[in-house]
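To start, the structure under review is shown below, and the notes come after it.
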Amino acid sequence: RDAARVTDAVKVYGSGDTAVRALDGVSVGFPAGRFTAIMGPSGSGKSTLMHCAAGLDTLTSGTARIGGTELGSLDDRRLTLLRRDRIGFVFQAFNLVPTLTVAENITLPMDLAGIKGSRDWIDALVDVVGLRDRLHHRPAELSGGQQQRVAVARAFAGQPEVVFADEPTGNLDSRSGEEVLNLLGRAVRQMDRTVVMVTHDPVAAAHADEVVFLADGRLVDRMESPTADRVL
Ligand code: ADP
Ligand code: ADP
């Protein structure tokens, strides 16, 4: 079963002579319960694929689904609700709210939505990301790696069907990056979550169960159980 899937995805930015075909007929599924990495050179369409798969942007043609829901069939309001209730996001620039504590940042999306969330789940999550003794700190009091761990906890807090991570280690040193990647791997393997991660880093991609490779807006390869030297 695919947690997310795009079929015959085409994305054209602009029009006429300056049009850019960022996705040129991509069909790919992201299986539930797996950690999939999207790799490829700069400009190959990785971010565009993630944004369209996650309902942050719309395809020019083709379809994008989250579970059984086709995103093109939703109006803006329903699409916003779908992103809020069924998807988690981790971005390169942590995007925490500086005035809120760690605990408040983690539950913010649910608090805004008026959703209660499972106490036991959040409790387990706080332990997995190793933030128990930082819950009442503010983001500025944390290292970059700790801030990204908060962002990871926030992404999983509402038990979304899939978490999309766009270059989650891009702003981190290699040790903190490794911790965040281990965390994503543990969420998938121990907590039965689904993660789709965009990265250009082979070391990061080697943490995934599977890597799909883009080049010039097309899917050119897939690899199971990647290792950094095979991905390169
Ligand atoms: P990647 O994430 O692999 O670096 P992107 O998906 O960001 O690739 O970009 C794919 C192509 O689409 C590139 O040629 C990029 O310049 C172009 N592109 C991306 N976003 C936009 C945009 N908002 N407007 C115009 N062109 C864009
Ligand atoms: P709204 O229409 O309610 O303002 P948004 O488009 O801002 O909704 O985003 C809805 C969901 O998508 C949120 O859960 C948000 O976390 C996520 N999201 C969208 N774009 C970004 C972004 N650039 N950075 C972080 N999260 C984003």
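Just so we're clear, the structure is a prediction, and the values are computed from it rather than from any experiment. Remember, it's 1-based here, ligands and their atoms both numbered in the order they're listed.
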Open item on the list: With respect to V20, determine whether any N or O atom, backbone or side chain, lies less than 3.5 Å from an N or O atom of ligand 1.
Closed with: no
TODO: Would you tell me which option among S47, A19, G45 has the nearest heavy-atom contact to atom 8 (O) of ligand 1?
DONE: G45
- [ ] For S42, take its heavy atoms, then give the atoms of ligand 1 lying under 4.0 Å from any of them.
- [x] 4 (O)
TODO: Heavy atoms only: give me the nearest K46-M39 pair and the separation to one decimal.
DONE: CD-C, 3.5 Å
Open item on the list: Counting non-hydrogen protein atoms only, what is the nearest one to atom 3 (O) of ligand 1? Give residue, atom name and distance.
Closed with: K46 NZ, 2.8 Å
Open item on the list: Tell me if the NE2 atom of H200 is crowded by more than 12 foreign heavy atoms within 6.0 Å.
Closed with: no
Task: Heavy-atom pair with the smallest gap, counting every atom of A205 and P226 - done: O-CG, 3.5 Å
- [ ] Would you mind finding which of G43, C52, G14 brings a heavy atom closest to atom 1 (P) of ligand 1?
- [x] G43
Open item on the list: Among all the protein's non-hydrogen atoms, which is closest to atom 6 (O) of ligand 1, and how far away is it?
Closed with: T48 OG1, 2.6 Å
Open item on the list: Please confirm whether P41 approaches ligand 1 to less than 4.0 Å, judged on its heavy atoms.
Closed with: yes
Open item on the list: Against ligand 1, does S44 come closer than 4.0 Å with any heavy atom?
Closed with: yes
Open item on the list: Would you say CG of D127 has more than 12 non-hydrogen atoms from neighbouring residues, nucleotides or ligands within 6.0 angstrom?
Closed with: yes
TODO: Tell me, yes or no, whether the heavy-atom count around R78 atom CZ, taken from other residues, nucleotides or ligands under 6.0 Å, exceeds 12.
DONE: no
Task: Per-atom contact, atom 15 (C) of ligand 1, protein heavy atoms, under 4.0 angstrom - done: no
TODO: Looking only at protein heavy atoms, identify the closest one to atom 25 (C) of ligand 1 and say how far it is in Å.
DONE: Y13 CB, 3.3 Å
Task: N182, CG atom: more than 12 neighbouring heavy atoms under 6.0 Å - done: yes
TODO: For atom 18 (N) of ligand 1, state whether the nearest protein heavy atom is under 4.0 Å away.
DONE: yes
Open item on the list: So if I count the atoms of ligand 1 from 1 in the order they appear, which ones are less than 4.0 Å from some heavy atom of A22?
Closed with: 10 (C), 11 (C), 12 (O)
Open item on the list: Any salt bridge linking R34 with D192? Criterion: basic side-chain nitrogen under 4.0 Å from a carboxylate oxygen.
Closed with: no
Task: Donor-acceptor contact present, side-chain T80 to main-chain D76, <3.5 Å - done: yes
